[in-house]
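Every number for a ligand or one of its atoms is a count from 1 in the order of the listing.
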Amino acid sequence: MSEQQSVTPQAPLFSSAVLRRLTLIGGVVLATALAFAYAGGWLTPGRLTPARIVEALSERGGNPLGHRRNHSKGACFTGVFDANGAASRFSVAPMLATGHYAVVGRFAIAVGDPDALDLTGRVKSMAIRIVAPDGQEWRSGMNNSPVFVVSNPRDFYDLTLAQDVDPTTGKADPAAVKRFFASHPQSSPFAHWAQTADWTASWADQTYNGLNAFRFIDAAGNSRLARWSMRAAIQPTPVPHDALAKLGPNFLEQDLNSRVSQGPLTWHLILTFAAPEDPSNDATKAWPPNRQEVDAGTLVVQKAETEADGPCRDINYDPTILPAGIAVSDDPLLPARSAAYAKSFDLRAAESADYPRTAPHAGDRR
Ligand code: HEM
C-alpha cells in the first residue's frame with residue numbers, strides 16, 4: 001500500500017447541517033444566560049433592580065426577616081366593601097357595581113423594623129384586596145400622606161439608602177435624609193406634610209390615599225384618569241407627638257382592637273377624576289381640590305387580627321393587580337412597586353424560622 005493510499009481523509013465529526021443546529025442551540029443558551037445575568041444585575045452593577053431596592057429597604061434597623069420589607073409593622077382586618085353603584089358608569093370593574101364584596105386588608109406604619117415603636121410611624125397605611133364573585137381582584141396600598149415623597153424609583157432608592165443604618169455606628173445618619181430633601185425640591189410637599197400634619201393615636205381616624213394615578217374604563221371603552229382615597233368616617237383626634245410615648249409601643253393595634261370590639265369602622269371610597277392638565281405620572285403633585293369626585297361606596301371593617309397569623313400576612317398588595325375596568329397609568333412608580341413587592345414577598349415567604357407559615361394562607365400571591 002502506497003503512503004498516499006494509507007492517508008484516507010477523516011470524515012467530519014458533524015455534518016454542516018448538524019453544526020448549524022448546534023451553533024443555534026449554543027446561541028440560544030448563551031442569550032438565555034445573558035438575559036438571566038442582566039435581570040440579576042450582574043452585567044450592570046450600577047443598574048437599579050428590585051433586589052437592590054428591597055435590600056436597601058431591609059437595612060433600616062431591626063430584624064425584618066419573615067416580614068414585609070416596607071410598612072413592616074401592621075395588623076390584619078377583614079370586612080366588606082358595600083358598593084353603591086355610583087362609580088359603575090366610569091368603570092366595568094365588577095366590585096363597583098351595587099353589591100357587597102369581601103375584603104382582606106392591613107393597616108401598617110411605613111417603617112422597616114417590624115418591632116418599631118408606633119410613635120415612629122409618620123406614614124400610616126391601609127392595604128386592601130376586594131374580591132368580586134367572579135374571582136377578579138382589586139388590590140391597593142394607600143398612605144395617609146396627601147402626596148408621595150418621590151416620583152420615580154431612583155429617587156425612592158436614594159432616599160431609602162439615606163435612611164439605612166450604618167453598620168459601624170448602628171444608627172442612621174439624620175444628615176443624609178436632610179441632604180436628600182435639600183437636593184430634591186419635588187419632595188418638599190411631602191416634607192411639609194410630614195413636618196406639619198397632626199399625629200393621632202389611631203389607624204381608624206385617618207384618610208388613606210392611593211396617590212398613583214390609574215385609568216378607569218367604562219363599558220363603551222372610554223378611559224379616564226383617576227386617583228382614589230379611603231376617607232375616614234370619623235374626624236382625626238390630634239395627639240401631641242410627645243404624648244404618644246406614654247401610650248406604649250403598640251398603641252395602634254390596641255386602639256384598633258378596642259374600636260372594632262365596639263362595632264365596625266367605616267371609610268368612603270372616593271374616586272377623583274383628573275382634568276386634562278393633571279399629571280398622570282407624578283405622585284409628588286396633588287391635583288387641585290376642585291376635581292370631580294365620586295363616592296363609590298363604603299368600606300366596613302368588621303374584624304381585626306394579628307399579622308402573625310391573620311389572613312393578610314400572605315397577601316402581596318401589589319397595586320397592579322386590578323380588575324377589568326381599572327388599568328395602570330404611565331406612573332413609573334407602579335411597575336417598580338409591583339417588582340419590589342414581589343421580591344419582598346419572596347423573601348419573607350422563605351424566611352419562616354421565627355414566623356411559621358400555616359397552610360390556610362400559603363400561596364396567596366400572584
Ligand atoms: C418605587 C416606589 C415604591 C417601592 C419600591 C415600594 C416598596 C414597598 C415594599 C417592598 C413593600 C412591602 C411589600 C410586601 O412585602 O408585601 C411596600 C409596602 C407598602 N407600600 Fe410601597 N413602595 C413604593 C411606593 C409606594 C407608594 C407610592 C405607596 C402609596 C400609594 C406605597 C404604599 C405601600 C403600602 C400601603 C404598603 C403596605 C402593604 C401591606 O400592608 O402589605 N408604596 N412598599
**Prompt:** Does the gap between the ring centers of Trp203 and Tyr208 come in under 6.0 Å?
**Reply:**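 Ring centroids of Trp203 and Tyr208 are no less than 6.0 Å from each other.
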**Request:** Step through it carefully: locate the ring centre of Phe107, locate the ring centre of Phe77, and say whether they are under 6.0 Å apart.
**Result:**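 Centroid separation for Phe107 and Phe77: below 6.0 Å.
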**Asked** Under the side-chain hydrogen bond (donor to acceptor under 3.5 Å, both in side chains) test, which residues partner Gln292, sequence neighbours left out?
**Response**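 Checked Gln292 against side-chain hydrogen bond (donor to acceptor under 3.5 Å, both in side chains); zero matches.
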**Item:** For Ser151, all residues meeting side-chain hydrogen bond (donor to acceptor under 3.5 Å, both in side chains), sequence neighbours excluded
**Value:**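 Ser151: no side-chain hydrogen bond (donor to acceptor under 3.5 Å, both in side chains) contacts found.
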**Asked** What residues, two or more places apart in sequence or in another chain, satisfy ring-ring contact (aromatic ring centres under 6.0 Å, His included) together with His184?
**Response**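 For His184 the ring-ring contact (aromatic ring centres under 6.0 Å, His included) partners, ignoring immediate neighbours, are Phe180.
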**Asked** Is any side-chain N of the basic residue among Arg313 and Asp309 closer than 4.0 Å to the acidic one's carboxylate O?
**Response**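 Looking at Arg313 and Asp309, the cut-off is not met.
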**Within the protein, residues bringing a heavy atom under 4.0 Å of ligand 1, chain by chain** =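 Around ligand 1, where the cutoff is 4.0 Å for heavy atoms, the contacting residues are Ile53, Leu57, Arg68, Asn70, His71, Arg106, Ser125, Ala127, Gly141, Met142, Asn143, Phe148, Phe156, Asn209, Gly210, Leu211, Asn212, Tyr317, Leu333, Ala336, Arg337, Ala340, Tyr341, Ser344, Phe345, Arg348.
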